[in-house]
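We use all heavy atoms of the structure for the numbers below, so side chains are in, but hydrogens, waters and symmetry mates are not. Keep in mind it's a predicted model, so treat the numbers as computed, not measured. Residues take their numbers from the sequence shown, with the count starting at 1.
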Amino acid sequence: MTYERRTWQDRIKDSSGKIIQEGTPFSAGQMNNIYEGLDISHLDVGLAAAMALQFSNLNTKELEKYKSQRLLQGQSTISNPGTSNGYFRSSEPFVTVSISGFPQINAPNYDVLVSAQNDDGSVGELIVYDKTQNGFKVKMTGSSQSVTFLWTILNPNV
């Protein structure tokens with residue numbers, strides 16, 4: 001049965017009791033038609049509420065993504081196994097840092113700050129390079145056997 005909207009009319013009598021307007025007949029079919037209309041309207045409201053909740057969740061996830069891209073922190077270690085005498089080496093040791101979570105949408109235009117945690121004076125510089133959406137590399141210019149450092153991604157343009 002499909003809902004069909006009807007205009008209800010009152011039964012109207014004049015002062016002598018004669019019926020001027022018959023009015024809409026009251027029946028089970030008419031009442032069932034009313035309930036079907038109510039069911040359809042509740043389904044529409046429920047669908048609209050479900051869509052609103054879904055859009056709200058999408059907006060929350062999008063905001064979380066932007067917050068996660070703006071400031072990220074972590075720790076990593078560079079090992080220098082190729083140092084033979086502490087002064088000469090064939091390559092500069094580096095480490096690739098992978099960014100967990102959401103990719104950086106404006107790569108390579110984000111800043112990375114690095115801070116050595118165990119600098120004994122032989123670390124030299126820590127240089128950040130090859131910035132991509134999902135990570136970057138850090139190389140050490142000194143002669144230390146290893147260095148552990150903290151890194152912080154600052155991405156104010158997100």
- Query: Sub-3.5 Å donor-acceptor pair from the side chain of Ser144 to the main-chain atoms of Val147, do we have one?
  - Reply: no

- Message: Measuring from atom CZ of Arg11 to atom OG1 of Thr24, what distance do you get when rounded to the nearest 0.5 angstrom?
- Response: 11.0 Å

- Would you please test Trp151 and Val97 for side chain to side chain contact (heavy atoms under 4.5 Å, CB included) and show each step? CA-CA 9 Å; Trp151 55 266; Val97 177; 3.5 Å; yes

- Query: Once you round to the nearest 0.5 Å, how far does CG of Leu38 lie from CG of Leu43?
  - Reply: 11.0 Å

- Query: Do the side-chain N and O atoms of Asn106 and Asn155 include a donor-acceptor pair separated by under 3.5 angstrom?
  - Reply: yes

- Taking side chain as C-beta onward, heavy atoms only, is Ile99 less than 4.5 Å from Leu72? yes

- What do you reckon, is CD of Glu22 surrounded by more than 12 foreign heavy atoms closer than 6.0 Å? yes

- Message: Test your reading of the model: is there a side-chain donor-acceptor pair from Gln117 to the backbone of Ser115, 3.5 Å cut-off?
- Response: yes

- Task: Evaluate the side chain to side chain contact (heavy atoms under 4.5 Å, CB included) criterion for residues Ile105 and Gln133: first the C-alpha distance (whole Å), next the side-chain angles of each, then the deciding distance (0.1 Å), finally the verdict.
- Result: CA-CA 6 Å; Ile105 59 175; Gln133 287 184 336; 5.6 Å; no

- Determine yes or no for a side-chain-to-main-chain donor-acceptor pair under 3.5 angstrom, with Ser56 supplying the side chain and Ala52 the backbone. no

- Item | The single option from Ile153, Asp130, Val95 passing side-chain contact (heavy atoms from CB on, under 4.5 Å) against Phe136 | Ile153

- Looking only at atom types and distance, does a side-chain atom of Thr141 sit under 3.5 Å from a main-chain N or O of Glu125, one as donor and one as acceptor? yes

- Task: Test side chain to side chain contact (heavy atoms under 4.5 Å, CB included) on Ile19 and Ile12 and set out the steps.
- Result: CA-CA 6 Å; Ile19 298 174; Ile12 301 173; over 6 Å; no

- Test item: Lys131 side-chain N/O and Tyr110 main-chain N/O as donor-acceptor pair under 3.5 Å: yes

- Query: Do you see a donor-acceptor pair shorter than 3.5 Å between the side chains of Ser146 and Ser79?
  - Reply: no

- Item | Derivation of the side chain to side chain contact (heavy atoms under 4.5 Å, CB included) call for Phe149 and Val138 | CA-CA 10 Å; Phe149 61 93; Val138 179; 3.8 Å; yes

- Item | Approximate separation, where rounding is to 0.5 Å, of Ile78 CD1 and Thr96 OG1 | 10.0 Å

- Say you draw a straight line from CD of Gln21 to CD of Gln9; how long is it, rounded to the nearest 0.5 Å? 4.5 Å

- So how far is it from Asn57 CG to Glu62 CD, rounded to the nearest 0.5 Å? 13.0 Å

- Note on the structure: Rounded to the nearest 0.5 angstrom, the CG-CE distance for Leu126 and Met140 is 8.0 Å

- Over 12 foreign heavy atoms within 6.0 Å of CD, Gln54: no

